[in-house]
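Encoded as structure tokens, the structure appears first; notes follow it.
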Amino acid sequence: MFKPVIRRSFALAACMAAAVALSACSLFSKDDKRYDPAPLTEYKAGMSVHQAWSVSVGSGGGLGFLPTVVGDAVYAATPNGKVGKYDLLSGRAVWTASTDDLSAGAGSDGGTTVVATPSGQVIAFDDNGKVKWKAQATSEVNIPPVVGNGVAVVRSSDYRIQAFDVNSGDRVWSVQRPGPALALRSNAQMVIAQGLVLTGLPGGKMMAINVSTGDVQWEGTVATPKGGSDLERLTDVVGAPKLLGPLMCAVAYQGRVVCFDVSQGGRPVWTKDFSSSVGLALDDHGVYVPDQNSLLYGFDVRNGQQLWKLDALKNRRLTAPAVIGSAVAVGDYDGYVHFVSRDNGQLLARISVGGGAVVSPLTTTTQGVLAQTGNGNLVMLSTN
């Protein structure tokens, strides 16, 4: 699931991925059942879930791919170079396009949709599916681009955040921070909100950048690297920073969950030692996050007090969650989406979306929970 991106061999990359994802590289005995995915268990159904629609975007999936919802449209892409706009209510394709193999996508503001290739090329489409411009980032882009406030923003593997004009493709600004020797290839995401680009970084840092000028407005610490080896010091912010009023919450691998008060200069409101490889979700009730072993936790959003812990999905390689009403939804390695009570962590519903592992974070929409599957489908799940 993860790999170091600089100054390390492929062999170490593979073994590190295994250590985190609990597979391969002979790190664990075949007879060691501690790391087996928990079997699906019986539960008392507490809600009704059904598949409202499903549509094929292309083939494949990956950590750099996440659908973007703008109004009544969904924009999505797949590694084999397929990009499309789909109706949120029905899944009907509005337009589709083909390009080179992709490493990340799709970001959109509803007028410009942006994807990226493994060579770092950034490709923008207009809202008829025609190529608008192409630009070059400084290195591979493997997290989804974001588009807003007149720019398309990408973060490349050299830890450089770059903004391109949505009309011309000209580079508007670039910000870089030194990075650690090793970094996770994980479900990292950027957010554009309140005129700022919010992004977590390898090494446990959060950054807020003025979306128009590229000026860094604030930097905060989610976690501090510890340990003697590069592997022990992996402390990357994962998932997307989440906003709720004045709160901004984030989580790091081998680090902490932290909620900052942005109205008070980013002062930490509460912190909790934690390790996640996928990210969190939150609402006005709680913060919901799987740990690196896929134990799912609920914390009180006000003070970080643990509300509940669910171990029934242990080692099922859960996605970052999505909140839908009073339920929390997570996808897993076997193509299932599970719905859990946000109040007590009890299982409420389960549905298979097929297509192999669900890796992309789930997305809450006005029509239900949207999943992008491992085989390149978009699936809308409606709840009662």
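Heavy-atom basis, side chains included; hydrogens, waters and symmetry copies ignored.
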Can you tell me how far apart [atom1] ([X]) and [atom2] ([Y]) are? Round to the nearest 0.5 Å.
X: Thr96; Y: Lys85; atom1: OG1; atom2: NZ; result: 13.0 Å
X: His338; Y: Leu310; atom1: NE2; atom2: CG; result: 9.5 Å
X: Phe164; Y: Lys134; atom1: CZ; atom2: NZ; result: 14.5 Å
X: Ser277; Y: Leu234; atom1: OG; atom2: CG; result: 12.0 Å
X: Lys272; Y: Gln306; atom1: NZ; atom2: CD; result: 7.0 Å

Exercise for review: Would you list the pairs meeting salt bridge (Lys or Arg N to Asp or Glu O under 4.0 Å) in which at least one residue belongs to residues 330-350, sequence neighbours left out?
Suggested key: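 Qualifying pairs, neighbours excluded: Asp283-Arg342, Asp284-Arg342, Arg316-Asp332.
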Exercise for review: Only pairs at least two apart or in different chains count here, so list each salt bridge (Lys or Arg N to Asp or Glu O under 4.0 Å) that has a residue in residues 233-253.
Suggested key: none
With no hydrogens and no angle check, is any side-chain donor or acceptor of [X] less than 3.5 Å from a backbone partner on [Y]?
X: Trp173; Y: Asp215; value: no
X: Ser382; Y: Gln367; value: yes
X: Asp109; Y: Gly111; value: yes
X: Ser360; Y: Phe65; value: yes
X: Ser275; Y: Gln254; value: yes
X: Asp87; Y: Leu89; value: yes
X: Gln176; Y: Asp158; value: yes
X: Ser103; Y: Asn142; value: no
X: Asn80; Y: Gly58; value: no

Practice item. For the residue pair Phe299 and Phe274, categorise the inter-ring angle as parallel (less than 30°), tilted (30 to 60°) or perpendicular (more than 60°). Key: perpendicular
So do the side chains of [X] and [Y] get within less than 4.5 Å of each other, counting heavy atoms only?
X: Val340; Y: Trp308; answer: yes
X: Val238; Y: Asn187; answer: no
X: Trp133; Y: Asn167; answer: no
X: Thr319; Y: Pro361; answer: no
X: His285; Y: Leu307; answer: yes
X: Val269; Y: Arg302; answer: no
X: Ile324; Y: Leu381; answer: no
X: Ser276; Y: Asp291; answer: no

Check your understanding: Given the rule in the side-chain contact (heavy atoms from CB on, under 4.5 Å) test, do Trp95 and Val83 qualify, once you have shown the distances and angles that lead to the verdict?
Key -> CA-CA 9 Å; Trp95 58 257; Val83 187; 4.2 Å; yes
With the 4.5 Å side-chain cut-off for hydrophobic clustering, are [X] and [Y] part of the same group?
X: Val49; Y: Leu362; value: yes
X: Leu295; Y: Leu280; value: yes
X: Val258; Y: Leu244; value: no
X: Val146; Y: Val151; value: yes
X: Leu347; Y: Leu318; value: yes

Side-chain donor-acceptor contacts of residues 193-211 below 3.5 Å, not counting sequence neighbours, with atom names and distances?
unit_1 : atom_1 : unit_2 : atom_2 : d
Lys205 : NZ     : Thr221 : OG1    : 2.8
Asn210 : OD1    : Ser212 : N      : 2.9
Asn210 : OD1    : Thr213 : N      : 3.0
Asn210 : OD1    : Thr213 : OG1    : 3.3

Identify the heavy atoms of [X] and [Y] that sit nearest to each other, and give their distance.
X: Val369; Y: Phe339; result: CG2-CE2, 4.1 Å
X: Thr68; Y: Gly107; result: OG1-CA, 3.8 Å
X: Ala252; Y: Ala223; result: CB-CB, 3.9 Å
X: Lys82; Y: Leu102; result: O-CD1, 4.3 Å
X: Ala124; Y: Val114; result: CB-CG2, 4.1 Å
X: Gly64; Y: Pro144; result: O-CG, 3.4 Å

**Study point:** Co-members of the apolar cluster containing Leu378 [side chain, <4.5 Å]
**Key:** Trp53, Val55, Val57, Val69, Val74, Tyr86, Leu88, Leu370, Met380
Practice item. Go through the steps for Asn315 and Ser294 under the test side-chain contact (heavy atoms from CB on, under 4.5 Å), then give the verdict. Key: CA-CA 5 Å; Asn315 295 334; Ser294 290; 5.6 Å; no
Practice item. Would you check if the distance from the ring center of Tyr75 to the ring center of Phe125 is below 6.0 Å? Key: no
Practice item. Might you work through the side-chain contact (heavy atoms from CB on, under 4.5 Å) test for Gln51 and Val337, ending with a clear yes or no? Key: CA-CA 11 Å; Gln51 180 177 300; Val337 175; over 6 Å; no
Practice item. Take Ser157 and Glu140 through the side-chain hydrogen bond (donor to acceptor under 3.5 Å, both in side chains) test and state the conclusion after the steps. Key: CA-CA 6 Å; Ser157 58; Glu140 180 184 10; 4.8 Å; no
Practice item. With sequence neighbours left out, write down each residue that passes side chain to side chain contact (heavy atoms under 4.5 Å, CB included) with Ala137, or none if nothing qualifies. Key: Val122, Val141, Val154, Gln162
Exercise for review: Tell me, yes or no, whether the heavy-atom count around Arg267 atom CZ, taken from other residues, nucleotides or ligands under 6.0 Å, exceeds 12.
Suggested key: yes
Check your understanding: How would you list all residue pairs meeting side-chain hydrogen bond (donor to acceptor under 3.5 Å, both in side chains) that involve residues 111-121, not counting sequence neighbours?
Key ->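 Of all non-adjacent pairs touching residues 111-121, those that pass side-chain hydrogen bond (donor to acceptor under 3.5 Å, both in side chains) are Ser108-Thr113, Thr112-Lys132, Thr117-Ser119.
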Exercise for review: Evaluate side-chain contact (heavy atoms from CB on, under 4.5 Å) for Phe260 paired with Met248, printing each intermediate quantity in order.
Suggested key: CA-CA 5 Å; Phe260 302 94; Met248 178 176 66; 4.3 Å; yes
